[in-house]
Amino acid sequence: FSGRLDALVDVYPAPDAKGQVDAPERYPAEVLFERPDRYRVVLRPGTKRELRIVAEAGIVRWYDLATGLSGKEQADDVSHPLALALLATAGELSRFGTAVDLPTIKHSPLRGARLDPRGSAAGVSSAIAWFDADGRLVGLDIQRSDGGRLFVAVQAFDRNVKTTPDDFRL
């Protein structure tokens, strides 16, 4: 399976000792994936602070436009388990049914599906996938085990997109 995702990602830090949460960091993001171990992520696309990340065959390469720094590492050493879990989830969301079959929220066009984090390796305590009335994915709300939160507002999501080897170059 493959897919393309255009999103806004809000990263909320864990609450401080007084329970206060700082404002989230917001990143526009473009993700192209062919399978969980072959993907291309561009954070802040089109800006001077663009960060490109490409993973393929167990190697992750990146290039930071802001600093000019680039690098290459083994995927296991630099891939966050949460990112891999998100990529796997995006591909599996419609495997066992359609979002239109989910019950709607009273007085709302949204439908939600609670995702099973399957262990704490990814640092996720709970996650909900949100769908619109037509069954299109519109958001992922992920509560991290440390109390932080990640919200992915999906602007566009296409499944089974045609990819070429050039799509996974820096």
Side-chain angles (χ1 to χ4, degrees), residues 3-33 36 39-55 60-71 73 75-93 99 102 104-159 170:
R4 178 180 175 80
L5 176 76
D6 293 324
L8 286 176
V9 179
D10 289 332
V11 180
Y12 294 82
D16 63 17
K18 295 180 182 177
Q20 300 294 324
V21 177
D22 290 337
E25 292 183 56
R26 175 167 279 181
Y27 302 100
E30 296 174 353
V31 180
L32 177 68
F33 61 93
Y39 58 87
R40 182 174 197 260
V41 176
V42 180
L43 298 178
R44 300 177 294 274
T47 70
K48 293 178 183 178
R49 296 181 53 221
E50 181 176 284
L51 174 64
R52 299 176 194 155
I53 304 163
V54 175
V60 174
R61 296 175 291 121
W62 65 90
Y63 177 64
D64 186 340
L65 243 54
T67 63
L69 296 175
S70 63
E73 291 285 338
D76 292 342
D77 296 338
V78 295
S79 296
H80 193 285
L82 177 57
L84 295 177
L86 283 173
L87 287 170
T89 298
E92 296 288 328
L93 283 174
L102 294 169
T104 57
I105 299 169
K106 192 173 188 176
H107 306 296
S108 173
L110 293 178
R111 302 166 191 264
R114 183 167 301 280
L115 305 174
D116 182 3
R118 300 261 179 194
S120 59
V124 176
S125 60
S126 70
I128 298 174
W130 293 103
F131 301 90
D132 67 11
D134 295 326
R136 288 186 299 264
L137 179 67
V138 294
L140 293 166
D141 189 0
I142 295 135
Q143 300 292 325
R144 297 189 326 243
S145 301
D146 67 359
R149 181 175 165 229
L150 179 75
F151 187 80
V152 180
V154 176
Q155 296 173 320
F157 178 57
D158 299 310
R159 289 185 184 96
L170 280 178

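FYI, the numbering just counts along the sequence from 1. This one's a predicted model, so the numbers in the text were calculated from it and none came from an experiment.
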Asks: Please examine the side chains of Tyr27 and Val42, heavy atoms only from C-beta on, and report whether any two atoms are closer than 4.5 Å.
Replies: no
Asks: Are Ile128 and Leu140 packed together at the side-chain level, in the sense that at least one heavy-atom pair is separated by less than 4.5 angstrom?
Replies: no
Asks: For Pro45 and Pro28, work out which heavy atoms get closest and say how close.
Replies: CD-O, 3.4 Å
Asks: Please check if the side chain of Glu50 supplies one atom and the backbone of Gly46 the other of a donor-acceptor pair under 3.5 Å.
Replies: yes
Asks: Looking at CG of Asp22 and CG of Asp16, how far apart are the two atoms once the value is rounded to the nearest 0.5 Å?
Replies: 7.0 Å
Asks: What's the spacing between Leu43 CG and Trp62 CH2 if we round to 0.5 Å?
Replies: 13.5 Å
Asks: Is the cationic atom of Arg149 (NZ for Lys, CZ for Arg) positioned less than 6.0 Å from the six-membered ring centroid of Tyr12 and within 45 degrees of its normal?
Replies: yes
Asks: Give the C-alpha distance, both sets of side-chain angles, the deciding distance and a yes or no for side chain to side chain contact (heavy atoms under 4.5 Å, CB included) between Leu5 and Tyr39.
Replies: CA-CA 11 Å; Leu5 176 76; Tyr39 58 87; over 6 Å; no
Asks: Rounded to the nearest 0.5 Å, what separation is found between the CG atom of Leu137 and the CZ atom of Phe157?
Replies: 6.0 Å
Asks: Dump the intermediate steps for side chain to side chain contact (heavy atoms under 4.5 Å, CB included) on Leu51 and Leu65, then the final yes or no.
Replies: CA-CA 6 Å; Leu51 174 64; Leu65 243 54; over 6 Å; no
Asks: CD1/Ile142 to CZ/Phe151 distance, rounded to the nearest 0.5 angstrom?
Replies: 9.0 Å
Asks: Compare all side-chain heavy atoms of Pro24 with those of Val11 and state whether any distance is below 4.5 angstrom.
Replies: no
Asks: Atom CD of Gln143 and atom OG of Ser125: how far apart are they, to the nearest 0.5 Å?
Replies: 6.0 Å
Asks: Any idea which heavy atoms bring Pro13 and Ala23 closest together, and the distance?
Replies: CD-O, 4.1 Å
Asks: Under the side-chain contact (heavy atoms from CB on, under 4.5 Å) rule, collect the residues that match up with Val138, sequence neighbours excluded.
Replies: Leu110, Trp130, Asp132
Asks: Is there a side chain to side chain contact (heavy atoms under 4.5 Å, CB included) between Arg4 and Glu30 once you walk through the steps?
Replies: CA-CA 7 Å; Arg4 178 180 175 80; Glu30 296 174 353; 4.0 Å; yes
Asks: Between Arg144 and Asp146, is the closest basic N to carboxylate O distance under 4.0 Å?
Replies: yes
Asks: For Ala66 and Arg49, which heavy atoms make the closest approach, and how far apart are they?
Replies: CB-CA, 3.9 Å
Asks: How close do Leu170 and Arg52 get, counting heavy atoms only, and between which atoms?
Replies: O-NH1, 3.3 Å
Asks: Does the Asp64 side chain pair with the main chain of Gly68, one donor and one acceptor, at a distance under 3.5 Å?
Replies: no
Asks: Does the pair Asp10 and Leu150 meet the rule for a side chain to side chain contact (heavy atoms under 4.5 Å, CB included), with working shown?
Replies: CA-CA 6 Å; Asp10 289 332; Leu150 179 75; over 6 Å; no
Asks: Side-chain contact, heavy-atom cut-off 4.5 Å: Gln155 with Leu8?
Replies: yes
